[in-house]
Amino acid sequence: MSDKAQLQQQVRAAARKLVPVLRERADACEQARQVPAETIKDFADAGFFRILQPKKWGGYELDPHDFYDVQMTVAEGCMSSAWCLGVIAIHNWQLALFDDRAAQDVWGEDDSVLISSSYMPVGKVEHVDGGLKLSGQWGFSSGSDHCDWVFLGAMVPPKDGDSAGGPPDMRTFLLPRSDYEIVDDWHVMGLKGTGSKTIVVKDAFVPEYRTHKAIDGFTCNSPGNAVNTAPLFKIPFGQMFVRAVSTAAIGALKGACDNFIEKTAKRVGKNDGKSAGEDPHARYALAQADSIVDELKLVLFRNFDRLLEAAEGGPELTMEERIKFRWESAAVPQRCIEGIDPLFAFAGGSGIYQGNALMRTFVDIHASRAHTANNPQKFGGNWGAVQLGAENGDFFL
């Protein structure tokens with residue numbers, strides 16, 4: 001067995017082993033409004049943050065299939081923990097796209113250092129000698145308490161005398177913990193344990209090399225590709241990131257199915273003395289949810305088969321494929337809602353109490369649908385429009 005195959009088996013087995021542990025911690029995660037430190041340590045010890053990290057910096061450089069499989073498995077135990085894993089670990093992949101000096105800044109002394117993010121392009125940017133000055137406030141930085149650096153989005157204005165033509169210069173800025181403040185304002189209905197707090201920056205200097213242009217991620221021609229040459233780093237950034245915020249819902253729905261089989265279906269009603277599992281509608285709800293999980297996994301892995309094929313030198317991705325894949329990622333939470341809602345309907349009165357696993361999954365999946373990347377109408381509408389001959393309206397592909 002190759003070293004890569006051994007690592008693939010190792011990380012997947014470690015994720016499966018953690019599921020019951022994460023179920024036990026789910027209440028504490030939710031109540032603390034952040035993933036427990038011991039869970040982050042478990043993820044690090046299992047190598048999850050290294051799955052997509054470049055080998056040059058101690059990573060494994062495995063396939064996206066391995067990473068998203070691990071994320072789905074973790075979500076069977078705790079969706080908040082899986083959400084943070086997905087969002088934080090994908091940054092170890094994106095840092096490989098930056099100028100390698102940025103990776104040196106982050107991992108030069110410790111290649112286990114983690115990065116949080118908020119990509120909304122709301123920052124105020126000024127050109128200064130040697131780089132850029134950044135200020136602003138960004139919400140929804142998942143897992144930020146566990147990270148020593150942050151990725152932040154902003155639009156860079158043209159320099160004086162430059163033409164304003166061409167695509168907008170949207171970039172990701174990389175800042176150390178000393179350059180930003182974390183504001184604890186994470187009081188929400190679902191995904192409570194993600195600790196997705198607000199980041200505040202005041203006039204921080206960012207060297208040019210610590211920014212990554214969205215257009216470079218789109219064309220798969222980033223500065224980091226000069227040193228990180230594996231096909232893994234030739235996948236469009238837009239295709240990788242959006243799956244980090246939709247895939248946890250698939251695993252969470254699978255966990256809900258398991259919970260339904262183990263507990264809910266055996267619950268005996270106080271009025272009629274029958275178990276929920278005897279209701280033919282409950283049985284159908286379970287079958288439907290299980291089928292949705294299967295369908296979404298198949299599409300996920302099929303799409304990454306194609307993305308890797310193109311990255312490895314196969315037929316180039318068409319714009320139509322990119323648009324379709326983007327829509328299929330955005331559709332995931334809504335499809336999972338179609339699975340969890342009928343299951344939750346059979347949870348009975350006990351299902352509405354805090355601490356009920358099925359209720360937690362219900363609100364977490366609904367919360368994931370609120371992410372801007374998970375808007376099925378927007379991205380499905382774009383895909384439908386393109387098929388009917390209209391111009392593409394999405395740049396993040």
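The chain is numbered in sequence order, starting from 1. The basis for the numbers below is simple: all heavy atoms, side chains too, and nothing from hydrogens, waters or symmetry mates. Small disclaimer: the values here were computed from a predicted structure and weren't measured.
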side-chain contact (heavy atoms from CB on, under 4.5 Å) test vs L174 passes for just one of V106, V150, D99, T211, namely V106
Partner of W149 by side-chain contact (heavy atoms from CB on, under 4.5 Å), out of L95, L175, V113:
V113
Rounded to the nearest 0.5 Å, how far does [atom2] of [Y] lie from [atom1] of [X]?
| X | Y | atom1 | atom2 | result |
| --- | --- | --- | --- | --- |
| E61 | T229 | CD | OG1 | 7.5 Å |
| Q239 | L317 | CD | CG | 7.0 Å |
| T247 | M72 | OG1 | CE | 6.5 Å |
| L296 | F301 | CG | CZ | 11.0 Å |

Does this structure show an ion pair linking [X] with [Y], if we count only N-O contacts that are shorter than 4.0 Å?
| X | Y | result |
| --- | --- | --- |
| D258 | K254 | yes |
| D63 | K4 | yes |
| E321 | K324 | no |
| D42 | R25 | yes |

Whether [X] and [Y] hold their rings parallel, tilted or perpendicular, with breakpoints at 30° and 60°:
| X | Y | result |
| --- | --- | --- |
| W186 | F140 | perpendicular |
| Y119 | F241 | perpendicular |
| W93 | F237 | parallel |
| F151 | F98 | parallel |

Could you tell me whether the side chain of N92 reaches within less than 4.5 Å of the side chain of W107, counting heavy atoms only?
yes
Within the structure provided, determine whether L134 and V125 are in side-chain contact (heavy-atom separation under 4.5 Å).
yes
Tell me if the CD atom of E316 is crowded by more than 12 foreign heavy atoms within 6.0 Å.
no
For [X] and [Y], work out which heavy atoms get closest and say how close.
| X | Y | answer |
| --- | --- | --- |
| V332 | S246 | CG1-O, 3.2 Å |
| C336 | A249 | SG-O, 3.5 Å |
| A103 | W57 | CB-NE1, 3.4 Å |
| F49 | A89 | CD2-CB, 3.9 Å |
| W83 | Q71 | CA-NE2, 4.3 Å |
| L114 | C147 | O-CB, 3.5 Å |

Is there a side chain to side chain contact (heavy atoms under 4.5 Å, CB included) between E320 and Q387? Walk through the geometry before answering.
CA-CA 8 Å; E320 288 76 16; Q387 291 183 85; over 6 Å; no
E24: partners by salt bridge (Lys or Arg N to Asp or Glu O under 4.0 Å), with sequence neighbours left out
none
Please check this pair: side chain of [X] against backbone of [Y], looking for a donor-acceptor N/O pair closer than 3.5 Å.
| X | Y | result |
| --- | --- | --- |
| N228 | A96 | yes |
| H146 | C84 | no |
| S291 | Q288 | no |
| S118 | S141 | no |
| H371 | V242 | no |
| W327 | N382 | no |
| D394 | I323 | no |
| E328 | N303 | no |
| D169 | P158 | no |

Provide the full list of salt bridge (Lys or Arg N to Asp or Glu O under 4.0 Å) pairs with a residue in residues 337-349, sequence neighbours left out, each pair given once.
R335-E338
Do the numbers put R322 on top of the ring of F218, so that NZ or CZ is under 6.0 Å from the six-membered ring centre and no more than 45° off the axis?
yes
Relative to F362, does R360 satisfy both conditions: NZ or CZ under 6.0 angstrom from the six-membered ring centre, and within 45 degrees of the ring's axis?
no
Taking atom types as modelled, find out whether D105 and Y209 have a side-chain donor-acceptor pair closer than 3.5 angstrom.
yes
Between V70 and L85, is a side chain to side chain contact (heavy atoms under 4.5 Å, CB included) present by the stated rule, with each step listed?
CA-CA 9 Å; V70 165; L85 171 62; 4.1 Å; yes
Trace of the side chain to side chain contact (heavy atoms under 4.5 Å, CB included) decision for M359 with I352:
CA-CA 6 Å; M359 183 274 289; I352 66 173; 5.6 Å; no
Going by the side-chain hydrogen bond (donor to acceptor under 3.5 Å, both in side chains) test, name the single residue among K234, Q94, H212 that passes it with S222.
H212
